[in-house]
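Below is one structure, written out as C-alpha cells; comments come after it.
Here the structure is a predicted model, which is why all the values come from computation and not from measurement.
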Amino acid sequence: MPNPWDHKYPSPLAGFEDAPPLSDETNEDGKSLVNPKRDGLSDAYHRFTTPLRSDRRGGFDVHIYYFQQNPEQATYARQLWERIRREFPELRVYKFWDRPVGPHPVAMFEINVFTPAQFGAFVAWLSVWRGPLSALVHPNTVVEEGQAANEVELRDHTDRAIWMGERVPLDWAPFGPRA
C-alpha cells in the first residue's frame, strides 16, 4: 500500500483563492447551508476532471468481484454481467473471469465508463443491483511526464479508489517497480 504522505496533493481550492467568504446561513431545513450562486454547472458534469482520461481507455474502471467457489455468488455475478451488457450497451464490458486475474485475488468482471453521465447513472444503478458482490471503482489517470506508470496505476487502485461492499485486498505486485 503506498504511503499517502509520499504524494503531494494540489489544493482543492485552486481557482477559488479570491472568492468571497462562504456564508453560515442555513436553508429552510435548518441544517444544510446556503451555497453561493454560480453561472452554469461545474465542468465536471460534462467531462471528467484533469487528470482523468478521456480517451478510449475510459475515465473509470469498475471491477465487480465474486467468490468463484461460491455457486450462489457465481450465478448472481453471471446474471449481473448479462444484465449490465443488456441495460448499458454503451459501456465497455469485459470478459467474465472465473478465476483471479492481475491484481484481483478472486474472480471478477470489469466495466469501463467514459463520461460523467455514464458514471453517475451506472454507479447509482450498481449500488442497488450489485447484491452480495463487492465492486472497486477506480479512475484511470493520465500518466504525465516524469511519473512512473506503475505508481500512477497503484494510486488509482488505492488512494483514488471507491469501494462498494466489502473491500477485497488486492495483490500489489503487478504495480511494483518495472525494470
Side-chain angles (χ1 to χ4, degrees), residues 1-4 6-7 44-144 147-179:
M1 178 75 86
N3 181 345
D6 290 343
H7 182 71
Y45 284 97
H46 308 291
R47 64 181 120 322
F48 288 129
T49 189
T50 303
L52 298 180
R53 297 179 73 128
S54 60
D55 57 11
R56 65 183 303 282
R57 169 79 192 270
F60 282 85
D61 290 350
V62 180
H63 300 272
I64 300 172
Y65 299 101
Y66 69 97
F67 293 115
Q68 64 272 11
Q69 301 302 324
N70 180 318
E72 291 83 18
Q73 277 199 11
T75 297
Y76 190 88
R78 174 71 72 172
Q79 291 171 351
L80 182 63
W81 177 79
E82 181 177 334
R83 170 81 183 264
I84 292 167
R85 292 186 65 201
R86 293 179 186 285
E87 186 150 344
F88 297 95
E90 67 281 3
L91 303 181
R92 182 183 299 135
V93 180
Y94 289 86
K95 178 179 176 175
F96 187 86
W97 292 97
D98 60 0
R99 61 181 171 76
V101 61
H104 312 285
V106 296
M108 62 97 191
F109 61 95
E110 177 183 353
I111 296 100
N112 295 142
V113 298
F114 302 95
T115 69
Q118 289 175 348
F119 180 91
F122 182 68
V123 171
W125 181 91
L126 188 62
S127 72
V128 172
W129 285 101
R130 71 175 175 77
L133 311 180
S134 293
L136 165 63
V137 181
H138 72 79
N140 295 313
T141 57
V142 173
V143 178
E144 297 176 7
Q147 293 181 315
N150 61 315
E151 290 174 9
V152 172
E153 285 187 48
L154 180 61
R155 190 175 319 120
D156 286 349
H157 283 77
T158 56
D159 293 349
R160 293 179 171 156
I162 301 164
W163 281 93
M164 299 171 79
E166 294 299 315
R167 199 176 259 218
V168 176
L170 302 182
D171 176 5
W172 305 123
F175 302 117
R178 297 182 181 141

Would you say the side chain of [Y] lies within less than 4.5 Å of the side chain of [X], judging by non-hydrogen atoms?
X      : Y      : value
Thr158 : Trp172 : yes
Ile111 : Ile64  : yes
Thr141 : Pro51  : yes

*Arg85, Arg78, Arg86 screened by salt bridge (Lys or Arg N to Asp or Glu O under 4.0 Å) with Glu82, the one that passes*: Arg86
Report yes or no: does [X] contribute a side-chain atom to a donor-acceptor pair with the main-chain N or O of [Y] at less than 3.5 Å?
X      : Y      : answer
Arg92  : Arg56  : yes
Ser134 : Gly165 : no
Trp81  : Tyr94  : yes
Thr75  : Glu72  : no

*Between Asp156 and Asn140, is a side chain to side chain donor-acceptor pair (under 3.5 Å) present by the stated rule, with each step listed?*
CA-CA 6 Å; Asp156 286 349; Asn140 295 313; over 6 Å; no
*Any salt bridge between Arg57 and Asp55, counting N to O under 4.0 Å?*
no
Minimum-distance pair of heavy atoms, taken over all atoms of [X] and [Y]:
X      : Y      : answer
Pro174 : Gly102 : CG-C, 4.1 Å
Tyr66  : Gln73  : CA-OE1, 3.5 Å
Lys95  : Phe109 : O-CB, 3.7 Å
His157 : Leu170 : CD2-CD1, 4.2 Å
Leu52  : Pro139 : CD2-CB, 3.2 Å
Met108 : Tyr65  : CB-CD2, 3.6 Å

Reported [atom1]-to-[atom2] distance for the pair [X] and [Y], which is rounded to 0.5 angstrom:
X      : Y      : atom1 : atom2 : answer
Gln69  : Asp98  : CD    : CG    : 10.0 Å
Arg47  : Thr115 : CZ    : OG1   : 12.0 Å
Leu136 : Asp61  : CG    : CG    : 8.5 Å

*For Val123 and Met164, run side chain to side chain contact (heavy atoms under 4.5 Å, CB included): C-alpha distance rounded to whole Å, both residues' side-chain angles, the deciding distance at 0.1 Å, then the answer.*
CA-CA 9 Å; Val123 171; Met164 299 171 79; 4.3 Å; yes
*Would you please test Ile162 and His138 for side chain to side chain contact (heavy atoms under 4.5 Å, CB included) and show each step?*
CA-CA 6 Å; Ile162 301 164; His138 72 79; over 6 Å; no
*Could you go step by step and tell me if Val152 and Val142 meet the side chain to side chain contact (heavy atoms under 4.5 Å, CB included) rule?*
CA-CA 8 Å; Val152 172; Val142 173; over 6 Å; no
*Fit a plane to each ring of Phe122 and Trp125, take the angle between them on a 0 to 90° scale, and name the class: parallel (under 30°), tilted (30 to 60°) or perpendicular (over 60°).*
parallel
_Parallel, tilted or perpendicular: which one describes the rings of Phe60 and Phe119, with boundaries at 30° and 60°?_
tilted
_For the CZ atom on Phe67, are there more than 12 heavy atoms of other groups (residues, nucleotides or ligands in this structure) within a distance under 6.0 Å?_
no
_Residues Gln118, Leu91; criterion side chain to side chain contact (heavy atoms under 4.5 Å, CB included); working and verdict_ = CA-CA 8 Å; Gln118 289 175 348; Leu91 303 181; 3.5 Å; yes
